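Below is one structure, written out as C-alpha cells; comments come after it.
Note that these values count all heavy atoms, side chains included, but never hydrogens, waters or copies made by symmetry. As the structure is a prediction and not an experimental result, all values here were calculated from the model.
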Amino acid sequence: MANNKPVEETRTSIDEVNDTLTGIGEKVQSNPKVIVWGCIAVAAVVAVILIYVYAIRQPGQNAANNALGQADIELLMGNDSVALAKYQQVAADHGYDAGNLANLNAAIILYKEGKYEEAISYLKNYSASESVIGASAKSLEGDCYVNLKQYPQAIDCFKQAVKISDNNPHYTPAFLLKEATVLREQKDFKAEAAVYEQILKDYPTYGSEIGVDIKKYLERAQDAAK
C-alpha cells in the first residue's frame, strides 16, 4: 500500500493539470470571439507603440538633435549669447537627451556670465545617469550656491556630487576639497578637518597630483578647531 500512494498522488496531480488544460481548451473553443477581440486588442497596442516610436519619438529626437547641433556650432564659433538662446529654446521645446543636455549647456554659459540663480534653475532640470557628468553638474550647482553665499545648499550639492561620482579618483576628491573649503568659510573647522582626513585616507596621491599639500590644510584646520 505504501508503494501505491505516491503513484496515486502523482496521478491526481497529473489529472488536475489535465483538467485545467482541458478547461482552458473548452473555453477557447466555446468563446472564439473573445480570443479574436483579444488578438485585436494586442495588435492595437503594438500599433500604437510603433506609431509613437517611428512617427513621433524618432522625428522628435531628430529635430531635437538638429537644434542642439546648431547651438553647439554657435558655441564653438564663440557666439555665447546666440548659443545660450538656442540652448534655452531646445530645453524649452524638446525632451529626449538633446533637451536634457541643452539644460546643462545653458547652465554652464549662465554660470560664466555670473547669472547663478538662472544657472541653478537649468541645472535642476538636468539629469544624468553617467557618474562623471552628473557629478560635475551637481558640483557646478554647488559653485552657484557658493557665489550666492548660500553655503548650506552648496555643501549639500558637493556631498551629492561625491556620492554620484562613485569614488572616481580624479573627481571625488575634488568635490571633497570644495566641500572642505566651504566648511572653512563657515568656520566649521572640525568638519573641515574630517574631510581632509577622508581625502588623505581614500585618495592619498590626490594632493601631489594637483600640487596641493592636503596634510598642511589638515593641520591648519585641526589648529583652528582647538
Side-chain angles (χ1 to χ4, degrees), residues 61 64-65 68-69 71-72 75-76 80 83-84 87-88 90-92 94-186 188 190-215 217-218 221:
Q61 286 179 326
N65 290 335
L68 182 66
D72 291 340
L75 185 64
L76 289 172
D80 288 11
L84 174 59
Y87 285 132
Q88 290 173 322
V90 174
H94 301 282
Y96 314 110
D97 292 339
N100 189 42
L101 188 57
N103 280 302
L104 177 59
N105 291 343
I108 292 171
I109 296 175
L110 288 166
Y111 175 82
K112 291 178 179 179
E113 294 180 351
K115 299 176 181 178
Y116 305 119
E117 291 182 350
E118 289 185 62
I120 290 171
S121 68
Y122 280 94
L123 288 168
K124 287 188 177 298
N125 288 325
Y126 173 75
S127 61
S129 56
E130 203 280 325
S131 61
V132 173
I133 297 176
S136 297
K138 185 56 67 173
S139 176
L140 179 62
E141 185 179 341
D143 292 340
C144 290
Y145 282 120
V146 168
N147 283 281
L148 294 170
K149 299 187 184 303
Q150 298 179 21
Y151 299 130
Q153 293 91 327
I155 290 175
D156 181 62
C157 285
F158 294 139
K159 285 182 179 294
Q160 290 184 57
V162 168
K163 185 176 180 180
I164 296 170
S165 61
D166 195 25
N167 296 317
N168 184 294
H170 303 293
Y171 289 90
T172 304
F175 303 142
L176 287 169
L177 195 58
K178 286 187 176 185
E179 179 185 348
T181 302
V182 178
L183 288 168
R184 184 168 186 81
E185 185 67 24
Q186 289 189 303
D188 191 346
K190 185 177 180 180
E192 177 194 4
V195 174
Y196 291 136
E197 288 174 346
Q198 182 180 350
I199 295 174
L200 289 170
K201 177 185 176 183
D202 297 338
Y203 311 95
T205 64
Y206 179 72
S208 61
E209 291 173 358
I210 64 171
V212 172
D213 191 343
I214 303 295
K215 289 183 179 180
Y217 285 4
L218 172 60

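Using a 4.5 Å heavy-atom threshold, the side chains of Leu123 and Asn103 count as separate. In this structure the side chain of Asn167 never reaches within 4.5 angstrom of the side chain of Asp202, judged on heavy atoms. Residues Tyr206 and Pro169 are not in side-chain contact: their nearest non-hydrogen atoms beyond the backbone lie 4.5 Å or more apart. Between Asp72 and Tyr87 there is a side-chain heavy-atom pair separated by less than 4.5 Å. Residues Gln153 and Glu141 have side chains not in contact (no heavy-atom distance under 4.5 Å, counting atoms from C-beta outward). Proximity of Lys178 to Val146: side-chain heavy atoms (C-beta onward) are nowhere separated by under 4.5 Å. With a 4.5 Å cut-off on side-chain heavy atoms, Lys149 and Tyr151 count as touching. Side-chain contact between Gln186 and Pro152: present, with at least one pair of heavy atoms (C-beta onward) separated by less than 4.5 Å.
Checked against the 6.0 Å centroid threshold, Tyr111 and Tyr116 count as a close aromatic pair.
In plain terms, the two heavy atoms of Leu177 and Ile214 that are nearest each other are CD1-CD1, 4.1 Å. Residues Leu218 and Ala193 approach most closely at CD1-O, 3.3 Å, considering heavy atoms. The minimum heavy-atom distance linking Ser139 with Ala161 is given by the pair N-CB, 4.0 Å. Listed here is the closest heavy atom pair of Ala137 and Leu104: CB-CD1, 3.9 Å. Scanning both residues, Cys144 and Ala119, for their nearest heavy atoms gives SG-CB, 3.8 Å. Nearest heavy-atom pair across Gln88 and Ala106 is CG-CB, 4.3 Å.
Rounding to the nearest 0.5 Å places CG of Leu101 at 11.0 Å from OG of Ser127. Distance check: Glu118 CD to Leu84 CG gives 8.0 Å after rounding to the nearest 0.5 Å. Note that NZ of Lys138 and CG of Asp156 are 7.5 Å apart. Values are rounded to the nearest 0.5 Å. Distance check, rounded to the nearest 0.5 Å: CG of Asp80 to CG of Leu110 gives 10.5 Å. Within the model, atoms CG of Leu200 and OG1 of Thr205 stand 11.0 Å from one another, a figure rounded to the nearest 0.5 Å. In this structure, CG on Leu176 lies 6.5 Å from OH on Tyr203, to the nearest 0.5 angstrom.
When the shell of 6.0 Å around CD of Glu209 is examined, it contains more than 12 heavy atoms from other residues, nucleotides or ligands. Around the OH atom of Tyr126, the shell of radius 6.0 Å holds more than 12 heavy atoms that belong to other residues, nucleotides or ligands.
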Margin query: As a quick check of understanding, evaluate side chain to side chain contact (heavy atoms under 4.5 Å, CB included) for Glu179 and Leu183, giving each step before the final call.
Written below: CA-CA 6 Å; Glu179 179 185 348; Leu183 288 168; 4.0 Å; yes

Item to complete: Just do the side-chain hydrogen bond (donor to acceptor under 3.5 Å, both in side chains) check on Tyr196 and Glu192 with the steps written out, would you?
Response: CA-CA 7 Å; Tyr196 291 136; Glu192 177 194 4; 3.1 Å; yes

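Under the 3.5 Å distance criterion, the side-chain polar atoms of Thr172 are matched with a main-chain donor or acceptor of Asn168.
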